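Below is one structure, written out as C-alpha cells, with a few remarks after it.
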Amino acid sequence: KKWRKVAKELEALLDQKVEELADKTTSMRKLKNKLKELEGKGKGKGSSESGGIQADKEERQVDMLYLKNVVLKYMECPPSDRMKRDQLLTAIAMLLQFAPEEVHFLRDLPHNSTKQNNSATSAISRLFTST
C-alpha cells in the first residue's frame, strides 16, 4: 500500500515536471522564433509562424517520447546495475530539470531493504514538499 502511495506521488510529480518542461520548452521556442523575426530571418511571417507551430508540436512529441523511453528503461533497470541507473537518472534529471539535491536523493534511495524503503515514503514527501 505504501508503495502505491509513493508511486502515485511520484507519478503526480512526474506529470507536473513534464508539464513544466513542456511549457518552458514552448516559451523558449516562441522566444527564439521572435528573435529570428526581429533579426530579419523570419521573412514570410504568416507561413513561418504556422510552420514554427508545427515544428514545435513535432519536437515536443519527440521530447515526450524520449522522456517516456528513458523513464521506462530506468524503471526496468535492476538496482544492481548502478552505472546504467545513474546514466538514466542523469537524463531524466536533465529533462525534468531536477535540482541537484533531488538527483542526490534519488541516487541514494535504498532499493533492497524493506525497513529502509518504509522510511523512503516520508523522505520523498519531505524532499518534494520543500521545493
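Because the structure is predicted, anything quoted here is derived from the model rather than measured.
- With hydrogens and angles ignored, the 3.5 Å screen pairs no side-chain donor or acceptor of Arg107 with any backbone N or O of Arg85.
- Using a 4.5 Å heavy-atom threshold, the side chains of Leu96 and Leu67 count as touching.
- With sequence neighbours excluded, the residues that form a side-chain hydrogen bond (donor to acceptor under 3.5 Å, both in side chains) with Asp63 are Arg29.
- Residues satisfying the side chain to side chain contact (heavy atoms under 4.5 Å, CB included) test with Leu21, not counting sequence neighbours, are Thr25, Leu95, Gln97.
- A chain of hydrophobic side-chain contacts below 4.5 Å, direct or via other Ile, Leu, Val, Met, Phe, Trp or Tyr residues, connects Val103 to Met75.
- Interatomic distance, Leu13 CG to Glu102 CD, rounded to the nearest 0.5 Å: 7.0 Å.
- To the nearest 0.5 Å, atoms CD1 (Ile92) and OH (Tyr66) are separated by 9.0 Å.
- Leu72 and Met94 sit in two unconnected hydrophobic clusters of ILVMFWY residues. Membership requires side-chain heavy atoms under 4.5 Å apart, directly or through other members.
- Note that NZ of Lys8 is 13.0 Å distant from CG of Leu10, once rounded to the nearest 0.5 Å.
- Annotation: side chain of Lys17 is in contact with side chain of Glu20 (closest heavy-atom distance under 4.5 Å).
- Taking the side chain to side chain contact (heavy atoms under 4.5 Å, CB included) definition, one finds that Lys84 meets it with Cys77, Asp81, Leu88, sequence neighbours left out.
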